[in-house]
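Whatever order the structure lists ligands and atoms in, that order sets their numbers, starting from 1. Note that the numbering runs from 1 along the sequence shown for the chain.
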Amino acid sequence: MPPPSQDTSPDLWQRYGARRSRADRAAGMDGTFHWDWYQRNGPGAELLGSLDGRAVIEVGAGTGRQAAHLARTSTACEVTALDASASMHERCRRSYGNVPRLRMVLAEATSYLVERPSTFDLVYSVFGALDFTDPRRLLPAVTASLRPGGTLVFSTLGHYRNGQACESRVRSAQLPTVLADGTPTTMERWVLDLPLWERLLARAGLDVVGVDTVRDAGRGGGPPMATRIIRAARPHVRHL
Ligand SMILES: C[S@@+](CC[C@H](N)C(=O)[O-])C[C@H]1O[C@@H](n2cnc3c(N)ncnc32)[C@H](O)[C@@H]1O
């Protein structure tokens, strides 16, 4: 029997990771940073401001392209590319293992962040952990891991892929996906509307400092999509 600490849940990201790496290579996407669904439009890394000497972590870094871009183009003290999927972590390691100041971590975001209080200047996610983890658990862990004045920036869906509106209550959806062997299954995704994100962030002790919405008419047979990019900061002084 495996030891109780061993993660035996299936890795839902193997197929996505393989497809994503192939598509990014074919489109010459290496060395780019975008927040939007189709990775083409809207603001890029400049939204993060200066990263000089900052401690940066991407939660749900996947194949690692965005984190590698930041490590190469900034003088951040270190960029951590964290992912809970062994297959994604391995892809990231194979592609970007030699990038200076890029550190790759295989871990679940909430558990990792709660163990590192006041450690990071920037936590960010591009359709990463913030989309796939209960925000009532993850957001307080993000706040705790940020230094005072530190920021959280994340991109998330502005509606479901079929056009259905975001949830206005805190509840996840089970969306269809397939395992590496082709077996159909589902994965939990949090598709929440902006007022709800604002309430959850405030409850976790974060102030919303900016919101961008990027709309795309659709590409490569994909549907029109809206991406919400939310920026929030941990105040220097705690609100009473
Ligand atoms: C849709 S992919 C996005 C990856 C990458 N940001 C990109 O744009 O290619 C979502 C990633 O988030 C990771 N993820 C989801 N929940 C996570 C959690 N709680 N902790 C760490 N990683 C998580 C998944 O393993 C997956 O690699």
(message) Going by the rule salt bridge (Lys or Arg N to Asp or Glu O under 4.0 Å), which residues pair with R93 if we only count those two or more places apart in sequence or in a different chain?
(response)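 Only E90 meet the salt bridge (Lys or Arg N to Asp or Glu O under 4.0 Å) criterion with R93.
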(request) Please determine if R231 and D212 form a salt bridge, counting it only when a charged side-chain N lies under 4.0 Å from a carboxylate O. (result)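 D212 and R231: salt-bridged.
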(message) List the residues meeting side chain to side chain contact (heavy atoms under 4.5 Å, CB included) with Y16, not counting sequence neighbours, and say none if there are none.
(response)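 Residues passing side chain to side chain contact (heavy atoms under 4.5 Å, CB included) with Y16: W13, R19, R20, M88.
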(request) Only counting residues at least two apart or in another chain, list the ones meeting side chain to side chain contact (heavy atoms under 4.5 Å, CB included) with T32. (result)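 With neighbours one apart ignored, the set is M29, H34, R65.
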(request) Say whether I230 and L48 are linked into one hydrophobic cluster, either directly or through other cluster members, by side-chain heavy-atom distances under 4.5 angstrom. (result)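 No, separate clusters.
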(message) Can you confirm whether more than 12 heavy atoms, excluding those of N98, are under 6.0 Å from its CG atom?
(response)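 No.
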(request) Write down, by chain and number, every protein residue that brings a non-hydrogen atom to less than 4.0 Å from an atom of ligand 1. (result)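 Lining ligand 1: W13, Y16, R20, E58, G60, A61, G62, Q66, L82, D83, A84, S85, M88, A107, E108, A109, V126, F127, G128, A129, F132, T133.
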